[in-house]
Amino acid sequence: MEAAGAFRAKLLSWYRNVRRDLPWRRTPTDPYRIWISEIMLQQTRVAAVIPYYERFLSRFPNPLSLASAPEQDVLAHWAGLGYYSRARNLQKAASQMPGGEFPRTYDEIRALSGIGDYTAAAVASIAYGLPYAAVDGNVLRVIARVENDPGDIKSPKTRARFAAIADELLDRDQPGDFNQAMMELGATVCTPKNPTCLLCPVREECKGFAAGTQNQLPIKIRDGRTAEVHITVVIAERDDGALLLRPSKQLAGFWELPFDLAGVRDLERVGSFGHQITFRKYTCDVVRGRVGRKVPVGTEWVARERLAELPLTTISKKALRLVDR
DNA sequence: AAGGCGGGGTA
DNA sequence: TACCCAGCCTT
């Protein structure tokens, strides 16, 4: 099975077994109720939301009742949840629905006040089965680990890359369950600290687990601070002198020695060095090893003669300098 | 691209 | 204490 297919199948099967019984999961086709739950869940834990959810919905059961209520009344039902602009936007959005009819397309949903990319995708996929990947903090973390991608998740570039990956992984036949499964995984297994990888349904397709880097992912660079990243650079040389390389994800157009690579045999430690680039401080261990007849995905053998013509990243050059070539 | 917006749980 | 959380909006 294709890699994304295996990932989907395992994740969804796991989700059906372990999914928590949450109030909003009992009315999965009601866009209004899903919307309310998604807004409440923004930056707010499930446990904190539950008591508010039922209370709010019995007082404001549909868009019309919400739109016509006094703002004070809406705020009173929100008091304690925080981020009160959410409540104001909720009411504003309700008044943006003609006749109290909840919009039926992603673009219309996305245009409502207080709804961004994440919430629009969540509501569209869960309530209507539309194929949009919902990418929240959980999903960013899961993808960083599954892909073993050290990109800074604060940067729009990285987010765009992760969103594209989420879109590829998405199960287009059951996008709602898939999105919830990704978030459930992030919330219960692939947690920020001490993820329980031994209980993870997609451990075998996780490059971060294979490389042992899951605990330092995702990378989140903070203001004025540098993130320390530890990588293991692999030098694999073929008998004819060809070197195992891959295109760099960070530095488009450049090639690099693979690092944090699974499935390398006969490891021999070569040395280590430090490298600082913008806000990232790398500690690089360098190893020499052998790979199987089939090279790891994304890598390829590059003949010695071609090496001089290729732009190599500085980290790769420093690593190669450590061996006698 | 950066800052503001709440409150609570967790290591 | 610091981080983190089913983010979004404004500047």
Side-chain angles (χ1 to χ4, degrees), chain A residues 11 15 18-25 27-28 31 33-53 56 74-93 96 109-127 132-145 151-160 162-163 166 170 175-196 215-225 227-228 278-279:
Chain A
L11 179 69
Y15 177 64
V18 307
R19 68 195 287 251
R20 293 168 287 178
D21 178 27
L22 303 173
W24 42 91
R25 288 187 175 156
T27 57
R33 296 178 76 93
I34 297 299
W35 170 51
I36 301 296
S37 74
E38 289 299 339
I39 300 296
M40 286 186 170
L41 285 162
Q42 288 170 9
Q43 300 298 102
T44 310
R45 290 167 195 281
V46 165
V49 166
I50 290 177
Y52 284 85
Y53 178 76
F56 192 93
V74 178
L75 288 175
H77 282 76
W78 203 269
L81 262 188
Y83 283 114
Y84 297 98
S85 65
R86 291 186 295 176
R88 294 196 182 88
N89 279 331
L90 218 42
Q91 193 172 28
K92 192 168 167 189
Q96 292 165 345
I109 297 170
R110 176 66 179 80
L112 295 169
S113 294
I115 295 193
D117 292 343
Y118 162 76
T119 306
V123 174
S125 65
I126 296 170
Y132 292 89
V135 182
D136 71 340
N138 286 310
V139 176
L140 289 175
R141 184 171 59 253
V142 169
I143 290 179
R145 289 172 175 166
D152 170 21
I153 61 165
K154 300 287 264 187
S155 94
K157 260 186 84 169
T158 302
R159 287 184 181 236
F162 284 17
L170 179 69
D177 276 356
F178 179 87
N179 283 332
Q180 293 184 82
M182 287 286 276
M183 294 188 275
E184 190 90 345
L185 187 71
T188 63
V189 173
C190 198
T191 48
K193 291 179 183 172
N194 305 317
T196 50
N215 276 304
Q216 41 176 320
L217 294 172
I219 302 289
K220 197 178 297 188
I221 296 176
R222 310 204 173 328
D223 306 328
R225 290 198 224 174
E228 300 192 7
T278 36
F279 298 113

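Below, each value reflects all heavy atoms present in this structure, side chains not excepted, and no hydrogens, waters or symmetry copies. Bear in mind that the values here come from a model prediction, so they are computed numbers and not experimental data. Just so it is clear: chains get the letters A, B, ... in the order the sequence lines come, proteins before strands, and each one is counted from 1.
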By side chain to side chain donor-acceptor pair (under 3.5 Å) - contacts of A:Thr196 (at least two apart): none
Reckon A:Thr119 has a side-chain N or O less than 4.0 Å from the OP1 or OP2 of C:dC8? yes
NA contact type, A:Leu22, heavy-atom cut-off 4.0 Å: base, sugar-phosphate, or nothing? base
How close do A:Leu75 and A:Ala87 get, counting heavy atoms only, and between which atoms? CD2-CB, 3.9 Å
When you compare the side chain of A:Ile39 with that of A:Tyr83, does any pair of heavy atoms fall below 4.5 Å? no
Between A:Asn138 and A:Arg141, is there a side-chain donor-acceptor contact under 3.5 Å, judged purely by atom types and distance? yes
Output one letter per nucleotide in nucleotides 6-11 of chain B: B when a protein non-hydrogen atom lies under 4.0 Å from the base, S when only the sugar-phosphate is that close, - when neither is. BBB---
Side-chain donor-acceptor contact under 3.5 Å, A:Gln42 with A:Tyr118: no
P atoms of C:dT11 and B:dG6, separation to the nearest Å: 16 Å
Please tell me if A:Lys92 has a side-chain N or O lying less than 4.0 Å from either OP1 or OP2 of C:dC8. no
Of C:dA6, B:dA1, C:dC5, the nucleotide closest to the side chain of A:Pro156 is B:dA1
Touch class at under 4.0 angstrom, heavy-atom based, for A:Ser37 against every strand present: nothing
What are the residues of residues 175-186 of chain A, sorted by number, that bring a heavy atom to within less than 4.0 Å of DNA chain C? A:Met183
Return the 5'-most residue of the pair A:Leu41, A:Ser113 with respect to DNA chain C, ranking by each residue's nearest nucleotide. A:Leu41
Considering every strand and a 4.0 Å limit on heavy-atom distances, what is the contact class for A:Arg88: base, sugar-phosphate, or nothing? nothing
Using a heavy-atom cut-off of under 4.0 Å over every strand shown, decide if A:Trp24 touches base, sugar-phosphate, or nothing. base
Residue pair A:Thr158 / A:Asp152, side-chain donor-acceptor N/O under 3.5 Å: no
For the rings on A:Tyr52 and A:Trp78, is their centre-to-centre separation under 6.0 Å? no
Between B:dC5 and C:dC4, how far is it from one C1' atom to the other, in whole Å? 15 Å
Any donor-acceptor pair under 3.5 Å linking the side-chain atoms of A:Thr119 with those of A:Arg110? no
